[in-house]
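For reference, the structure is listed below as structure tokens.
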Amino acid sequence: MSSIAAIVAEIAEEMRGETERGAVASYIPPLACISPDKFGIAVVMVDGTVHAAGDAQEPFSIQSISKVFALTLALGAVGDQLWRRVGREPSGSAFNSIVQLESEQGIPRNPFINAGAIVLCDVLLGRSEPREAIGQMVRFVRTLAGDDEGSIRIDEAVALAEQDTGFRNMALANYMRAFGNIHAPVERVLGVYFHFCALAMTCCELAMAGRYLMNGGRVDGHSIITPSRARRINALMMSCGHYDNSGDFAFRVGLPGKSGVGGGILSIVPGVASIAVWSPGLNGSGNSQLGTLALERLVQRTGWSVFEPRA
Ligand code: GLU
């Protein structure tokens with residue numbers, strides 16, 4: 001067993017015994033019913049080796065982690081023009097906060113808060129139909145993950161529940177439309193947004209899908225995005241990937257990472273590994289309690305923090 005394999009197995013074992021597991025998201029029934037006992041971890045190394053442990057093969061709702069893939073597609077669609085409509089600063093506010101939008105004229109702080117991701121959906125929708133934008137996303141994520149069988153899918157029950165309870169997202173979208181920063185009808189944009197949130201993936205699939213970000217934009221010999229865009233997406237994941245907890249994640253883990261309220265985190269060690277962890281219990285800021293702890297232990301034992309001197 002390689003030492004990384006041993007560390008991954010050891011961390012999964014330690015997480016099994018943890019009693020402080022956080023609270024499972026309760027805003028929609030399909031998330032509220034997930035057992036807090038779940039924990040999965042998958043590490044894909046730059047040479048393609050995969051180390052996985054725990055519930056790494058169980059699909060979960062990736063929620064806001066989809067914002068990374070939406071950003072990648074939106075940059076592909078409109079390039080750096082995107083930055084006229086979305087900022088690149090940490091918000092210091094909750095994921096669904098509306099407060100900054102008023103003083104900042106409807107320009108969201110960054111693409112990884114809800115308001116920012118709703119703008120990404122508007123960009124991707126363009127003049128097409130919502131189902132085309134949703135289909136494009138599913139195909140993109142399957143390609144990134146090397147999912148030839150098409151097992152990655154959208155959980156329609158989650159998408160519907162998001163729609164039924166998404167009043168704050170509706171408020172954000174309408175508010176930005178009032179400032180002219182949402183162009184398509186709000187219901188269509190949100191239909192896309194809710195379906196992106198409802199993507200279901202396993203840790204193994206998610207870690208595979210993150211490979212382009214560890215590899216300077218390339219995967220399986222194909223260029224997905226330019227090296228400079230991959231670097232910038234990683235920078236945004238580091239500074240904005242954990243809402244108002246992003247500073248703490250950088251402090252504890254020191255890697256680009258994006259979390260979702262389903263309890264998943266995608267984290268990238270540039271040039272070394274793509275990592276996905278999942279445990280549905282969340283800390284007070286809505287980030288996976290054990291997922292963060294597992295990543296903290298992984299970087300302590302591997303020296304993978306980007307702030308660690310390279311040998
Ligand atoms: N579906 C959630 C929302 O938009 C996503 C939040 C998240 O994962 O942070 O409210």
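All ligand and atom numbering here is 1-based and tracks the order in the structure. Only a predicted model underlies this, so the values are computations on that prediction, with no experimental measurement involved.
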Identify the protein heavy atom lying closest to atom 1 (N) of ligand 1, giving its residue, its atom name and the separation to 0.1 Å. Gln63 OE1, 2.6 Å

Arg85 side chain to Asn181 main-chain N or O, any donor-acceptor pair under 3.5 Å? yes

Atom 4 (O) of ligand 1: closest protein heavy atom, distance to 0.1 Å, is Tyr193 OH, 2.6 Å

Counting N and O atoms only, with roles assigned by atom type, does the side chain of Asn234 sit under 3.5 Å from a partner on the main chain of Leu213, one being a donor and the other an acceptor? yes

Name the orientation class of the two ring planes belonging to Phe249 and His242 (parallel below 30°, tilted from 30 to 60°, perpendicular beyond 60°). parallel

Examine Gly262 against ligand 1 and note whether any of their N/O atoms are separated by less than 3.5 Å. no

As an exercise, identify every atom of ligand 1 less than 4.0 angstrom from a heavy atom of Cys197. 1 (N)

Heavy-atom nearest pair, Ser259 first then Ser64, reads O-CB, 3.4 Å

For Asn169, atoms of ligand 1 separated by under 4.0 Å from a heavy atom: 3 (C), 4 (O), 10 (O)

Which protein non-hydrogen atom lies closest to atom 6 (C) of ligand 1, naming both residue and atom, and how far is it? Ser64 OG, 3.3 Å

Write out all pairs satisfying ring pair (Phe, Tyr, Trp, His ring centres under 6.0 Å) with one or both partners inside residues 276-295, taking only residues at least two apart or from two chains. Phe60-Trp278

Would you mind running through ligand 1 and noting each atom that sits below 4.0 Å from a heavy atom of Gly260? 8 (O)

With a 4.0 Å cut-off on heavy atoms, is Tyr243 in contact with ligand 1? yes

Please confirm whether the backbone N or O of Val192 pairs with a side-chain atom of Arg131, one donor and one acceptor, at under 3.5 Å? no

Within the 4.0 Å heavy-atom cut-off, what Ile65 brings close to ligand 1 is neither

If we number the atoms of ligand 1 from 1 as shown, the ones under 4.0 Å from a heavy atom of Tyr27 are 1 (N), 2 (C)

Top protein contact for atom 3 (C) of ligand 1, by heavy-atom distance: Asn114 ND2, 3.4 Å

Check this for me - ligand 1, Glu162, N or O atoms closer than 3.5 angstrom, yes or no? yes

Note: Ala230 and Gly217 closest approach over all heavy atoms is CB-N, 3.5 Å

Do you know the tightest heavy-atom contact between Val44 and Met214? O-CE, 3.6 Å

